[in-house]
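Working notes, structure below.
Just so we're on the same page: letters track the sequence lines, and every chain starts at 1.
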6 protein chains.
Amino acid sequence: MSKATALIALPDILVEAAVKIALEEDLGLAGDITTRATVSDCVLAKASISVREPGRIAGLQIARVAFRLLDPAVTFRTDISDGDYSKPGDTIAHLSGPAAAILTGERVALNFLSHLSGIATKTHAFVKAIEGTNAHICCTRKTTPGLRAFEKYAVRAGGGQNHRFGLYDAVLIKDNHIAAAGGVEAAVKSARAHAGHMIKIEVEVDTLEQLDELLSLPVDAVLLDNMSMAELSEAVKRIDGKIVTEASGGVSLDTVRGIAETGVDLISVGSLTHSPKALDLGLDFLS
Amino acid sequence: MSKATALIALPDILVEAAVKIALEEDLGLAGDITTRATVSDCVLAKASISVREPGRIAGLQIARVAFRLLDPAVTFRTDISDGDYSKPGDTIAHLSGPAAAILTGERVALNFLSHLSGIATKTHAFVKAIEGTNAHICCTRKTTPGLRAFEKYAVRAGGGQNHRFGLYDAVLIKDNHIAAAGGVEAAVKSARAHAGHMIKIEVEVDTLEQLDELLSLPVDAVLLDNMSMAELSEAVKRIDGKIVTEASGGVSLDTVRGIAETGVDLISVGSLTHSPKALDLGLDFLS
Amino acid sequence: MSKATALIALPDILVEAAVKIALEEDLGLAGDITTRATVSDCVLAKASISVREPGRIAGLQIARVAFRLLDPAVTFRTDISDGDYSKPGDTIAHLSGPAAAILTGERVALNFLSHLSGIATKTHAFVKAIEGTNAHICCTRKTTPGLRAFEKYAVRAGGGQNHRFGLYDAVLIKDNHIAAAGGVEAAVKSARAHAGHMIKIEVEVDTLEQLDELLSLPVDAVLLDNMSMAELSEAVKRIDGKIVTEASGGVSLDTVRGIAETGVDLISVGSLTHSPKALDLGLDFLS
Amino acid sequence: MSKATALIALPDILVEAAVKIALEEDLGLAGDITTRATVSDCVLAKASISVREPGRIAGLQIARVAFRLLDPAVTFRTDISDGDYSKPGDTIAHLSGPAAAILTGERVALNFLSHLSGIATKTHAFVKAIEGTNAHICCTRKTTPGLRAFEKYAVRAGGGQNHRFGLYDAVLIKDNHIAAAGGVEAAVKSARAHAGHMIKIEVEVDTLEQLDELLSLPVDAVLLDNMSMAELSEAVKRIDGKIVTEASGGVSLDTVRGIAETGVDLISVGSLTHSPKALDLGLDFLS
Amino acid sequence: MSKATALIALPDILVEAAVKIALEEDLGLAGDITTRATVSDCVLAKASISVREPGRIAGLQIARVAFRLLDPAVTFRTDISDGDYSKPGDTIAHLSGPAAAILTGERVALNFLSHLSGIATKTHAFVKAIEGTNAHICCTRKTTPGLRAFEKYAVRAGGGQNHRFGLYDAVLIKDNHIAAAGGVEAAVKSARAHAGHMIKIEVEVDTLEQLDELLSLPVDAVLLDNMSMAELSEAVKRIDGKIVTEASGGVSLDTVRGIAETGVDLISVGSLTHSPKALDLGLDFLS
Amino acid sequence: MSKATALIALPDILVEAAVKIALEEDLGLAGDITTRATVSDCVLAKASISVREPGRIAGLQIARVAFRLLDPAVTFRTDISDGDYSKPGDTIAHLSGPAAAILTGERVALNFLSHLSGIATKTHAFVKAIEGTNAHICCTRKTTPGLRAFEKYAVRAGGGQNHRFGLYDAVLIKDNHIAAAGGVEAAVKSARAHAGHMIKIEVEVDTLEQLDELLSLPVDAVLLDNMSMAELSEAVKRIDGKIVTEASGGVSLDTVRGIAETGVDLISVGSLTHSPKALDLGLDFLS
């Protein structure tokens with residue numbers, strides 16, 4: 001598994017749909033009443049989007065679409081790519097065209113960019129923290145409703161990997177499933193029987209005893225939840241590379257390297273998407 | 001202006017639409033393949049949602065709808081209201097009904113609840129920090145795309161006030177509008193002429209000189225951006241209660257009380273909605 | 001407040017959405033079966049849209065989009081702007097391109113144009129009737145379901161002002177709200193406490209006694225409903241410019257000037273949008 | 001052809017979709033900020049909808065859905081049916097339930113009811129004017145964008161008949177189609193060849209000469225456009241019952257009876273739907 | 001009624017909407033993860049779509065839109081038209097442009113093309129089988145949910161005619177309607193009274209006795225359901241050209257010619273749309 | 001892998017959305033004009049849906065929703081489950097309630113039921129044909145646009161397994177991907193690097209040489225395309241259970257058992273979904 005992977009772009013029809021929702025939310029039925037009252041249609045302007053704190057950028061494609069949907073006459077040029085690092089003062093995009101459209105689209109474009117760049121930046125901090133280990137950082141389903149595709153993309157932009165996208169594309173068996181199914185063996189067998197051959201199965205365990213019970217079953221991965229470092233190390237030893245190992249539960253920048261050094265394959269971090277800090281970005285007109 | 005205001009509920013059709021989007025995002029075309037493979041339709045369960053850190057709750061109405069849309073047989077009972085304080089261990093909702101629907105809806109419900117409760121909690125921290133002053137905390141348009149109505153609601157749940165909802169419901173004239181219009185007087189007059197009588201007008205100023213120029217114009221509020229405490233105090237003195245005063249720019253829990261004590265009416269805080277920390281919540285089955 | 005204001009254009013994404021609904025309504029699943037059976041794709045034509053009675057035009061942007069969505073090869077040229085006056089026989093738009101697309105789009109384009117021009121024309125008649133007074137004509141929420149943004153735009157095109165766009169962007173307290181709140185003071189205070197600082201508050205009164213009760217409260221405007229001219233004059237005197245005054249109730253072209261001369265600031269007229277007469281327009285092919 | 005026909009109700013999924021659009025338009029993202037600030041959720045009320053001028057009612061089903069979508073606890077009772085006559089002061093619906101939902105839904109419900117009742121009332125005036133003749137009144141495609149299904153329904157409620165619903169359900173060949181097809185015979189034959197056997201074909205003629213040319217062709221109806229009474233009479237004579245005859249063009253209440261007495265089968269009136277006068281209706285709370 | 005009719009194209013807004021649904025279904029939130037991981041954005045390719053079995057093509061317009069929505073840089077060229085015959089090995093479309101977009105759009109484009117071409121091919125086999133008779137082949141409402149417009153179009157591409165598009169555009173009275181109405185005369189009269197003058201009425205009969213009862217009533221067509229050849233011949237004789245005759249019920253390629261030779265005008269075949277065999281098509285890259 | 005698996009139901013919000021589309025398609029703007037003209041709202045009826053040829057049923061849940069959306073007063077009772085076998089004459093559902101709603105919903109309900117039951121029946125024939133072998137039947141992405149979730153469900157109802165649902169939930173590398181990536185090793189490694197740990201990777205090979213190249217690479221499954229029985233047997237031998245084997249290409253009921261006996265794990269059959277024969281079903285009123 002290489003860490004140096006190109007970033008997969010988002011389907012355009014997905015981006016346009018999300019940007020339309022955001023524009024409709026901001027424009028309402030009356031539109032940008034300030035700009036229209038104060039800025040003539042014929043005023044042209046140049047502007048730039050720059051970062052005010054160091055970080056990884058994500059969402060340039062979305063920002064571009066926001067301005068294009070408002071006015072195709074706005075040109076949006078960027079010399080960087082999503083996932084790139086930018087330091088304070090760096091310009092990440094150059095805009096030129098009708099001033100009114102730039103002003104009207106500013107907030108929608110920046111809201112996407114700063115939110116997604118915040119996720120990419122936070123992800124990258126975790127990726128950096130485990131550099132040199134064999135582990136990878138991945139996300140969870142703890143995403144902002146309506147934005148999962150974009151937040152998972154931002155995680156990739158930050159160098160992280162994606163866990164399953166939803167309830168539909170992989171099986172993840174937790175304690176309540178096991179209880180309802182009447183034991184882990186019954187749960188795994190039923191899942192294996194129901195799922196097609198292109199579906200992976202992961203099972204969550206909290207203890208080494210549960211792990212032992214799992215080891216003889218046909219699963220693809222195990223989620224080692226809320227284990228101590230010692231338990232994680234022991235779990236990795238017992239699993240011995242036979243299935244993918246994922247650690248989760250209260251992972252922070254302080255603890256992540258220790259977890260990685262236990263030898264787990266993946267460390268999933270909910271806070272990448274449920275509690276990112278927006279990257280500070282600004283749009284400035286050039287006079 | 002009283003601070004003790006009841007919380008205005010969200011229109012149900014708005015809530016249902018947002019929950020549907022979130023459920024579709026999580027269910028995809030195949031649905032919850034784990035639960036369906038392991039949990040029989042006839043298994044009933046009781047579960048509770050509880051908080052794991054102190055905070056203000058927001059989103060109970062949304063969580064209720066999430067389970068109802070999956071299966072009307074799930075009952076959702078709560079003894080608290082949005083805006084209420086909960087301490088670690090408190091149960092904020094009781095669920096009973098088909099186990100499958102509870103498991104399938106868990107993540108969507110918690111994603112809304114933890115995100116919105118995080119905003120309410122952060123808002124309330126700012127509100128608390130300025131207690132005893134005459135200032136109010138308010139939000140901005142720096143919201144997560146698609147969730148503005150819900151995030152603005154969470155700000156109210158935390159005791160904050162809402163700034164304008166979008167570009168359409170109030171005029172906010174910034175430096176680029178002034179430049180394009182040919183001066184602040186021209187900008188304000190044009191805005192006044194375009195806007196209906198139910199639309200308020202606010203103007204952003206960075207300096208006391210700009211403020212002086214504004215004072216003779218028919219505006220409802222002034223946004224004092226990135227001013228020092230001294231400048232804010234002086235601005236409040238010059239304005240002398242004639243229009244509403246709003247301070248903004250890099251407001252933190254460390255600085256907010258000082259700002260409030262300058263006598264401004266409102267302090268707007270972008271990070272309430274662009275960088276909240278999700279409140280830690282969990283759903284547990286009762287055995 | 002100047003009466004000579006430029007017309008604020010509608011957000012394009014709003015226009016496209018409305019035109020699509022109208023086209024889908026007219027085309028159904030089978031499309032224009034008459035045109036397709038009788039007009040070859042390669043037939044080109046020139047046509048013009050002209051007015052058959054004097055009026056103010058509104059909706060040119062929408063008509064343009066209707067033809068463009070059917071076939072980008074249709075060119076739509078106009079030498080006038082929404083809000084302009086046209087006399088019978090005037091051509092307001094020139095079309096050229098595939099005859100089939102022009103025939104198919106004709107009715108949708110004309111339905112928007114004639115409806116919105118009817119509103120602009122009726123609005124302008126009221127505006128004209130009060131020329132020289134200080135009053136302005138404004139609209140209400142008595143609009144056609146689904147078309148509020150467009151009808152409010154047409155009111156502006158006719159020289160009128162917009163009242164609030166919906167229940168969400170301003171507070172208007174009526175008798176039933178006052179009764180439920182336990183008096184006008186309680187109602188106003190509660191509204192002031194709930195509404196953000198960018199929200200205006202208007203209260204409806206039917207009598208001078210109610211007005212007196214209101215005068216000490218923090219409201220932005222008063223709606224003087226169904227008052228006689230004498231009452232209106234007296235109300236204006238008592239208010240003395242402290243808040244905006246709006247007269248409403250059974251306003252007609254016969255009575256509007258008298259009402260304006262009482263000194264009220266605004267006269268709201270429901271019939272502008274609930275009972276306009278479509279402007280007679282036609283599309284003719286040029287041979 | 002009997003004139004006494006029961007009224008065909010609208011598909012519920014159509015009504016719900018239209019009401020949702022109207023509610024979303026009126027509620028925006030913040031909802032009814034006035035009612036929520038002033039009316040507690042627990043206040044119950046009784047109210048009635050009554051008419052203030054004589055007319056035919058249409059839209060009761062839609063009004064009912066508006067309140068139900070806001071709050072299923074609102075009961076909506078009516079003793080009349082769409083199409084019934086009501087005189088000033090008549091109550092057409094009784095409401096009871098949460099006061100807040102009644103206040104919030106009032107305008108959407110009344111906007112539908114007054115607009116559609118206006119169409120039904122106007123239609124009925126034309127129907128009444130030709131009583132005793134063999135002619136029927138019918139509508140056109142000159143409808144308000146987005147509301148065609150509802151306006152055509154209101155025409156039926158007023159005793160009128162529906163012309164085609166769109167470009168898709170019947171063929172109507174006009175002069176430009178004839179010109180493009182190379183003559184009326186070519187146009188009719190091509191239409192006959194393209195259209196399925198369940199599609200009717202009507203041709204518009206302006207002169208008796210054009211009518212003569214048409215009489216040998218396989219058409220179902222002829223639209224006699226802008227003819228004088230004398231021409232209409234002559235046309236009816238020449239057609240001699242072989243095909244359905246429709247008169248159109250500048251029909252008013254003054255001229256419609258004369259037109260009907262020429263013996264035409266149908267008289268189509270664009271103003272039924274493009275220029276109705278809203279019926280004056282009000283919602284009053286009962287104390 | 002001529003059989004040689006040009007094919008009426010589908011409204012573009014209809015095609016785009018359907019293609020978007022299909023692309024969203026295939027791309028989900030993550031997009032084409034295979035292509036994006038393996039094919040660089042800058043790789044260009046040429047490809048062709050060819051047929052692997054003889055048939056009539058339908059859906060070229062839709063395939064073109066599928067690739068355009070993914071990437072406007074893909075060119076789609078075809079030398080044939082929908083409805084044309086293609087033999088195995090024939091290329092029906094040439095593609096060139098970004099390889100990634102061609103790979104991603106391949107399945108959606110082929111799914112439409114092979115399904116609709118299968119319908120056109122099957123339709124044409126029936127049309128061919130009755131060549132030389134006066135009968136026409138037509139479709140039914142037994143279509144795939146969501147695809148009716150496209151499947152009816154494919155029937156036309158195969159040389160067939162369209163029956164009504166839905167419950168809304170023509171009246172078809174069956175036995176249960178007759179029973180509920182209290183007899184065929186009551187049913188027809190009620191339908192005639194309710195339906196506008198542009199709506200045709202057809203009645204289904206199973207026996208010659210029912211046919212006799214119908215003959216004096218004002219109907220446009222009769223559906224002779226599940227009759228023997230002898231009964232059909234007798235029915236045609238009794239009807240004697242006064243109304244359109246349609247035979248239906250278990251029509252196969254073996255029986256259709258015999259049915260046509262009874263003299264009926266139309267033969268409706270449900271299996272054209274409910275059980276077509278997809279035409280075998282492939283997309284090949286040219287090296 | 002057990003073959004006896006319970007059937008996973010479809011998410012209700014998915015079913016309702018699809019049924020609404022189908023009802024809107026059939027009802028248009030005017031609704032069921034036949035039924036409404038002939039069947040009074042107060043007529044009640046009992047009806048049954050029965051099969052006219054042997055088969056496996058799929059779609060009962062969808063049919064139930066179709067009637068419920070039209071009128072909640074219709075009761076829909078069934079004693080069987082999707083996936084069950086029914087012989088000619090068997091009643092699969094009992095309906096009672098308003099006759100009008102039953103008549104209006106009949107075609108939409110039957111269109112879903114007969115299409116999906118056709119797929120389940122065809123799938124089951126293939127499953128039956130390989131009984132006793134270790135192979136499973138699975139579907140492809142050759143589905144009807146817009147119906148993939150339902151068709152994949154019907155495959156499961158027939159005892160088949162689902163291949164990936166779209167381009168997003170699994171990687172399937174074909175020859176063009178390999179060519180663009182510069183060889184199979186590069187393609188697999190790039191896919192492995194891009195895909196998350198819950199994503200499976202399958203590679204298509206046409207020859208044993210390609211298979212050999214693949215065997216050392218980290219893939220989960222191999223698609224053996226268009227191989228002879230001898231090649232398949234040899235491929236299975238070389239793979240020796242290390243990865244999942246799937247055979248595809250021109251599979252028919254005649255050839256499927258032979259293919260299964262080569263020892264492959266899965267046999268994918270495109271015609272299950274691209275060319276099913278609708279199961280003959282009827283709805284009859286009980287008198």
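Residues B:Leu272 and B:Thr140 form no side-chain contact, since every pair of their non-hydrogen atoms from C-beta on lies 4.5 Å or further apart. A 4.5 Å side-chain heavy-atom check between C:Val219 and C:Val222 finds every atom pair outside the cut-off.
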(message) Show, in sequence, the C-alpha distance, side-chain angles and deciding distance for C:Lys20 and C:Glu16, and conclude whether the salt bridge (charged side-chain N to carboxylate O under 4.0 Å, His left out) test is met.
(response) CA-CA 6 Å; C:Lys20 262 191 192 170; C:Glu16 285 196 14; 5.4 Å; no
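Here B:Ser216 pairs with nothing under the side-chain hydrogen bond (donor to acceptor under 3.5 Å, both in side chains) rule; sequence neighbours left out.
Here the closest heavy-atom approach between residue C:Ala129 and residue C:Leu253 is recorded as CB-CD2, 4.1 Å.
The most heavy-atom pairs under 4.5 Å with chain C, out of B:Ile199, B:Asp169, B:Ile201, come from B:Ile199. The choice from C:Arg164, C:Glu202, C:Met198 that makes the most heavy-atom pairs within less than 4.5 Å of chain B is C:Met198.
Contact annotation for residues 142-154 of chain B against chain C (heavy-atom separation below 4.5 Å): no residues qualify.
Judged by distance alone, with hydrogens and angles left aside, the side-chain atoms of C:Ser117 form a donor-acceptor pair with the main-chain N or O of C:Ala58 at under 3.5 Å.
Heavy atoms closer than 4.5 Å to chain B are found in the backbone of C:Asn162, but not in its side chain. Using a 4.5 Å cut-off between heavy atoms, C:Tyr168 touches chain B through its side chain atoms alone.
Between C:Asp212 and C:Arg238, at least one side-chain N (NZ, or NE/NH1/NH2) sits under 4.0 Å from a carboxylate O, which counts as a salt bridge.
A donor-acceptor contact under 3.5 angstrom links the side chains of C:Glu246 and C:His163, judged on distance only.
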